[in-house]
Each structure stands twice: as C-alpha cells, then as structure tokens.
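Because only heavy atoms are used, hydrogens play no part in the values below, and waters and symmetry mates are left out as well, while side chains stay in. All chains are named by letter (A, B, ...) in the order of the sequence lines, taking the proteins before the strands, and each is independently numbered beginning at 1.
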Number of protein chains: 2
Amino acid sequence: MVATRLDPIDRKILSELQADGRMTNVELAKRVGISAPPCLRRVRTLEESGLIKGYHAEVDSRELGFEVQVFAMVGLDSQAEAELSRFEERCRSWPLVRECHMLNGEVDFMLKCVAPDLSSFQSFLTEELLTAPNVSSVKTSLVIRCAKDDPGVPFEVLEERLSRSA
Amino acid sequence: MVATRLDPIDRKILSELQADGRMTNVELAKRVGISAPPCLRRVRTLEESGLIKGYHAEVDSRELGFEVQVFAMVGLDSQAEAELSRFEERCRSWPLVRECHMLNGEVDFMLKCVAPDLSSFQSFLTEELLTAPNVSSVKTSLVIRCAKDDPGVPFEVLEERLSRSA
DNA sequence: CAGCACGCGCAATAATATTTCGCTGCGGCG
DNA sequence: CGCCGCAGCGAAATATTATTGCGCGTGCTG
C-alpha cells in the first residue's frame, strides 16, 4: 500500500472528500490547514495516483423508484478460474447487479441487487441469474430496511492505527 | 416516489452526477443540453428535495490499508422492534461496520465490514460483535475479490421502464 | 384570447480554480 | 560546515466557473 507516503494532511483531505466530495477547494484547504494552491496540487496527486478513484452523487434510490434491494448468494458448479471470470463478466453486464464480490466459504459470490419492484427482480432472478450457465444455487435475502450505509472506509480507524505504530 | 415529477433532463443530471459527482456545472449543462444557470437551479432543487443526498469521493480502500472486507450475517435472539433498533444503533457506532441492512428470512442483519487486516477484524468480531447483547449467531464471509462495485442505481433500467409506460 | 406561472437563456457579477512566481526549510555533498 | 538542489508553501495574477437578475417565449387556465 502506498498509504505510508501519505502525511496527515493527505489523509485529512481524503477523509473530507469522502464525506463531502463537492466541497470547494478553498473550503477544503481551510479545513486541512493549508492554502488553496498546495491543497489542489495534493488533490490532483491523489487523483492521479488512483487513491481517489472518482466522485459520485449519492441518490435516494427509493425516491427514484428503486424500492427493492436484495442480497443474492450464488453458488457455482465449477470454481475454475475461467468459470469464475465468466460469471463475473456476466454480473458486470447486468444493470440490476450493483456489486459482485467473490467470497470464501460455501457461497461463491455475494451480489447486491437493486430493482424497481419485486416482480422485476423476480424476472431477473428466474430469467437471468438462475438460468445463467454454471450457476448451481442462489439464495436471496430482501432488505427490509437500511440502518447504515456509509461509503468508503473509516479514517478514524486508520488514524488510530497509525498513532499506535508511531 | 417523487420521481414522476422528474423530466428527462433531471434524470440525466442525476445519472451524470452519479457517474461523476465533481463535474463542473458548465460541463453538466452541456451534457444535458441546457445552459448553465437553469442546470444549476435544477441541481439545487434536486439537492434540496433530498433526491441527491450527498457527494462522496471514492477511495481505494486496499491502497489505503484496508485489506479486509467481510460480510457478516447476524441473527438476534429477540426481534422485538426495540431490540432491532438497539442493535442498529450499535452498528452505527462501530466504524468498521460500513453498512447494516435488516433482512427477511433466517438471518436478521447483513453487515458489510472493512478492516485493516484479519486480526483487527477478528478482534472486532470476538470482542464487539459476538459479545453484543441479543446477538445469537454471526456467520462471516471474507471477500476474496471484487468484480463489480457500482454506486447507486441503474438509470438505464429507470429509463427503459418509463419508456414502456409512456 | 388575455393573463399568469414557469422555465429558459443571456448578460453581468461574484466566487472559485488554476497558474505563475518567489520564498523557505531541509537533506546531500563538496 | 557551508553550499546547492529539491520539495512544498503562500501570495498574486489570471482563467474558469458559479450565481444572480432580468426579459422572453410557451403552455395552462379562466
């Protein structure tokens, strides 16, 4: 990891931008305690180094008409690398699938899906996911409500850890 | 849902800002096909209506030293509302827990956790999660690799759906 | 068909981003 | 030790962007 090259100011920048990605550079500079130009240079460096992978607006999915959120646990018949990749590629092509994680243990993949309503998810499930090649089992769990949905990483933990090792 | 009040331009704005939340307003206006001032007015309206809940920088968690990502499926002893809320509140106070979703079915909660390494996750698991009141069972699954991690909702699906109902 | 409300674009202004420049502190090297 | 070169800073200048005010057209509504 490249994080060791980051000084406390860089980490503060990342933390602030994770919390509010549209903060002006002036405001950001004020918060991290340096002037605007070096602050912008640091942000650009963080972007170019790939530590900042992008910026996104967080939208209200329910209000936008996506009432249904589902976790799908998928088991495959073959776990050969070629088959794994094929399944991942398929997931990337399904818009309803927002996340696809390969897991250890009995279940091979965890998918997070979003759909306008139950019936559209059902048809995705039966017509796409269950009929996809190599898929042996799918267990789905509907999200009843969401208590927490924080993006990114807990910088507090990082700081705590660094202060201990210092 | 309030989405019916949105015209195609508003939806395009949301879609563009979800993909790139730091786009300048002039660029955004160009893409959605109107001039800058009305575009900015629309963005402000979307923000005030809560349809845009915020903006976030997407950071590279591995590079930042968070090597471990885990899904934890939690079962509780009591599912009384007061107990559910209490557990949710506890999840909000744990930095390592980034998401907490209540599910239907046998498992009560799905947690997405992030940690610097396996041992720090283990200590969280044994010292915090497993010892929390009312927690009866926890099954964890380590993320081996991530094939897809798209934020937000698939606007393509929304458009398709609206064009059918039109 | 007049009046009204709404949303647009244009032009002007304010704020912000970005570049340029010179200063300063720090570590390597003569 | 003292000099040099580098890296990072801040101030100032400039370019770009955000924001406001205003007049115009369009489409309801009476």
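Between the CD1 atom of A:Ile34 and the P atom of C:dA17 there is a distance of 13 Å, given to the nearest Å. Following rounding to the nearest Å, A:Ile9 (CD1) and D:dC9 (P) show an atom-to-atom distance of 6 Å. Taking atom CG of B:Leu40 as the reference point, atom P of C:dT16 lies 13 Å away to the nearest angstrom. In this structure, the CD atom of A:Glu47 is 13 Å from the C1' atom of C:dA17, given to the nearest Å. Here C:dG25 presents its P atom at 19 Å from CG of A:Asp7, a figure rounded to the nearest Å.
When the side-chain nitrogen and oxygen atoms of A:Arg44 are compared with OP1 and OP2 of C:dA17, none of them lie within a distance under 4.0 Å.
Hydrophobic cluster membership of A:Leu40, counting Ile, Leu, Val, Met, Phe, Trp and Tyr whose side-chain heavy atoms lie under 4.5 Å apart directly or via other members: none, as it forms a cluster of its own.
Taking the charged nitrogens against the carboxylate oxygens, B:Arg145 and A:Glu88 do have a contact shorter than 4.0 Å, which makes a salt bridge. Taking a cutoff of 4.0 Å between a charged side-chain nitrogen and a carboxylate oxygen, B:Arg161 and A:Asp117 qualify as a salt bridge.
Between B:Glu159 and the choices B:Arg11, B:Arg164, B:Lys12, the salt bridge (charged side-chain N to carboxylate O under 4.0 Å, His left out) rule is met once, by B:Arg11.
Note that the CH2 atom of A:Trp94 and the CD atom of A:Glu89 stand 11.0 Å from one another [nearest 0.5 Å].
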Return all side-chain donor-acceptor pairs below 3.5 angstrom for residues 28-38 of chain B, not counting sequence neighbours, or 'none' if the list is empty.
from    : atom 1 : to      : atom 2 : distance (Å)
B:Arg31 : NE     : B:Glu27 : OE2    : 2.7
B:Arg31 : NH1    : B:Glu16 : OE1    : 3.0
B:Arg31 : NH2    : B:Glu27 : OE2    : 3.2

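Among residues at least two apart or in separate chains, there is no ring pair (Phe, Tyr, Trp, His ring centres under 6.0 Å) pair with a member in residues 30-52 of chain B. Sequence neighbours left out, the pairs with a member in residues 67-89 of chain A that pass ring pair (Phe, Tyr, Trp, His ring centres under 6.0 Å) are A:Phe71-B:His101, A:Phe87-A:Phe109.
Distance from the side chain of A:Pro37 is smallest to D:dA11 among D:dA11, D:dC9, C:dG7. Proximity note for B:Ser35 (side chain, C-beta onward) versus C:dG7, D:dA12, C:dG9: the nearest is C:dG9.
Less than 4.0 Å separates DNA chain C from no heavy atom of any residue of residues 20-32 of chain B.
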Which nucleotides of nucleotides 22-29 of chain D have their base under 4.0 Å from a protein heavy atom (B), which only their sugar-phosphate (S), and which neither (-), written as one string 5' to 3'?
-> --------
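Closest non-hydrogen pair, A:Met73 versus A:Ser141, comes out as CE-OG, 4.2 Å.
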